[in-house]
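Values below: all heavy atoms of this structure, side chains included; hydrogens, waters and symmetry mates excluded.
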Amino acid sequence: MEYGNETWAVRATAWELAAFSFRHPTRELAETVAGGEWLAAACEVLGALGVTLPDDFGEGAPKEDAPLTQADVEALFHRLRVEATRLFVGPGEPVCSPYEGVWRARADGVKPLLFVNPHSMEVERFARSCGFTRPAGTNEPLDHVATECELLQALAMKVASGESDGNAYEQFLEEHLRTWIAIFCVSCKAESSEPSYKAAAAYLGAIADC
């Protein structure tokens with residue numbers, strides 16, 4: 001697959017936004033979502049990639065022209081953290097696991113184990129072979145949805161800068177992210193009561209397909 005450097009840079013930006021969206025929420029994410037910048041950025045990136053947005057994309061999520069107070073940001077920050085915990089952490093089994101290995105184990109009909117399942121270990125080996133290490137401040141397996149997005153961001157940037165031919169990017173996309181991300185996005189959209197997570201899931205599904 002061949003793209004110009006500018007398109008690869010856009011793809012890197014697309015994955016960066018996806019990773020930002022699925023890390024455990026920070027106030028920066030809450031401010032970006034509450035101020036409408038997240039939705040505007042997602043629409044701009046998808047437009048640059050030639051993705052036709054459905055009419056209901058971002059429905060219920062804040063837009064840039066909406067009035068905003070610090071109380072709005074704090075309220076959204078609290079909601080995002082509660083919802084991210086419910087969806088992706090627990091207590092108990094998370095509603096929508098953020099790990100490739102869990103989804104692929106379920107598809108294989110076996111009990112999912114973090115870190116030591118073969119799919120998670122394959123992601124670890126692949127990432128290390130590309131010089132990619134666990135992001136600072138995180139201790140989860142590298143097959144976390146946000147970390148896989150960060151790896152694709154790094155691989156796309158290597159192509160954009162002329163350091164790579166794109167084969168590693170395409171390999172990881174086909175052998176890993178695309179094997180599970182569609183069902184993850186469907187589950188996230190169906191299970192979440194928070195419009196910003198529904199939009200983030202739709203956005204991630206869209207960039208994974210283009």
Side-chain angles (χ1 to χ4, degrees), residues 3 7-26 28-33 35-54 57-58 61-62 80 83-84 87-89 94 96-103 123 126-127 130 132 134-138 140-160 166 168-192 194-210:
Y3 297 98
T7 300
W8 279 107
V10 172
R11 292 169 81 85
T13 299
W15 292 114
E16 181 181 21
L17 182 59
F20 179 55
S21 305
F22 284 101
R23 281 278 169 227
H24 199 65
T26 61
E28 182 185 3
L29 176 63
E31 289 170 356
T32 303
V33 172
E37 290 93 346
W38 185 93
L39 185 58
C43 290
E44 183 177 359
V45 167
L46 293 174
L49 292 174
V51 176
T52 301
L53 295 169
F57 179 73
L80 289 177
E83 183 69 342
L87 288 173
F88 309 131
V89 180
C96 182
S97 175
Y99 299 107
E100 174 186 332
V102 170
W103 287 99
V123 171
F126 188 99
C130 296
F132 183 85
R134 186 170 285 105
T138 65
E140 75 271 336
L142 290 184
D143 64 333
H144 187 282
V145 58
T147 306
E148 290 201 0
C149 290
E150 288 175 359
L151 175 56
L152 285 163
Q153 174 197 352
L155 293 174
M157 281 304 299
K158 284 188 175 184
V159 184
Y169 175 94
E170 185 64 20
Q171 182 182 352
F172 188 80
L173 196 60
E174 291 297 330
E175 295 181 2
H176 290 285
L177 188 113
R178 281 181 177 161
T179 64
W180 69 284
I181 211 65
I183 191 170
F184 167 82
C185 291
V186 168
S187 176
C188 186
K189 285 191 290 184
E191 296 290 348
S192 182
E194 181 57 51
S196 57
Y197 274 121
K198 290 181 180 292
Y203 169 82
L204 176 55
I207 64 171
D209 283 340
C210 64

>> Do S196 and L29 make a side-chain contact, defined as non-hydrogen atoms from C-beta onward lying under 4.5 Å apart?
In response: no
>> Taking side-chain hydrogen bond (donor to acceptor under 3.5 Å, both in side chains) as the definition, give me every residue that meets it alongside S21, ordered by chain and number, with sequence neighbours left out.
In response: W38
> Which atoms form the tightest heavy-atom contact between T13 and Y203, and what is the distance?
Replying inline: O-OH, 4.3 Å
>> Test side-chain contact (heavy atoms from CB on, under 4.5 Å) on E150 and R23; report intermediate values, then the result.
In response: CA-CA 10 Å; E150 288 175 359; R23 281 278 169 227; 3.4 Å; yes
> Below 4.5 Å, heavy atoms only, C-beta onward: do L39 and P62 meet side chain to side chain?
Replying inline: no
>> Please report the interatomic distance SG(C188) to CG(L87), rounded to the nearest 0.5 Å.
In response: 5.5 Å
>> Tell me every residue that passes salt bridge (Lys or Arg N to Asp or Glu O under 4.0 Å) with E100, counting only those two or more places apart in sequence or in another chain.
In response: R104
> Any idea which heavy atoms bring A14 and I207 closest together, and the distance?
Replying inline: O-CD1, 3.6 Å
>> I'd like to check the salt bridge (Lys or Arg N to Asp or Glu O under 4.0 Å) partners of E31; sequence neighbours left out, ordered by chain and number.
In response: none
> In chain order, what residues pass the salt bridge (Lys or Arg N to Asp or Glu O under 4.0 Å) check against E83, with sequence neighbours excluded?
Replying inline: R86
> Where do F88 and C96 come nearest, in terms of heavy atoms and distance?
Replying inline: CD2-O, 3.1 Å
>> Has K158 got a side-chain atom pairing as donor or acceptor with A168's backbone, closer than 3.5 angstrom?
In response: no
>> To check you understand the geometry: which heavy-atom pair defines the closest contact between A199 and F57, and what is its length?
In response: O-CE1, 3.5 Å
> So how far is it from L17 CG to Q153 CD, rounded to the nearest 0.5 Å?
Replying inline: 10.0 Å
>> Looking at every heavy atom in both D143 and G101, which two are closest together, and how far apart are they?
In response: OD2-N, 2.7 Å
Please table the atom pairs, donor to acceptor, closer than 3.5 Å between any side-chain atom in residues 177-184 and protein atoms at least two apart or in another chain.
residue : atom : partner : partner atom : Å
R178    : NE   : A208    : O            : 2.6
R178    : NH1  : E174    : OE2          : 2.2
R178    : NH2  : A208    : O            : 3.0
T179    : OG1  : H176    : O            : 2.5
W180    : NE1  : E148    : OE1          : 3.3

>> Once rounded to the nearest 0.5 Å, what's the spacing between atom CG of L49 and atom OG1 of T7?
In response: 7.5 Å
>> Can you tell me how the ring of F172 sits relative to the ring of F126, calling it parallel under 30°, perpendicular over 60° and tilted otherwise?
In response: tilted
> How close do V123 and L142 get, heavy atom to heavy atom, and via which atoms?
Replying inline: CG1-O, 3.6 Å
>> Going by side-chain hydrogen bond (donor to acceptor under 3.5 Å, both in side chains), name the residues that satisfy it together with W103, two or more places apart in sequence or in a different chain.
In response: none
>> If I take atom SG from residue C185 and atom NZ from residue K198, how far apart are they, to the nearest 0.5 angstrom?
In response: 12.5 Å
> Should the heavy atoms of other residues, nucleotides or ligands under 6.0 Å from CD of E37 be counted, would the total exceed 12?
Replying inline: yes
> Step by step, would you call W15 with L155 a side-chain contact (heavy atoms from CB on, under 4.5 Å)?
Replying inline: CA-CA 10 Å; W15 292 114; L155 293 174; over 6 Å; no
>> Would you compute the distance between atom CD of E16 and atom CG of L152 and round it to the nearest 0.5 angstrom?
In response: 13.0 Å
> Between F20 and E28, is a side-chain contact (heavy atoms from CB on, under 4.5 Å) present by the stated rule, with each step listed?
Replying inline: CA-CA 10 Å; F20 179 55; E28 182 185 3; 3.9 Å; yes
> Does the side chain of P98 reach to within under 4.5 Å of the side chain of F22, using non-hydrogen atoms?
Replying inline: no
>> In the structure I gave you, are the side-chain heavy atoms of Y197 and P25 within less than 4.5 Å of one another anywhere?
In response: yes
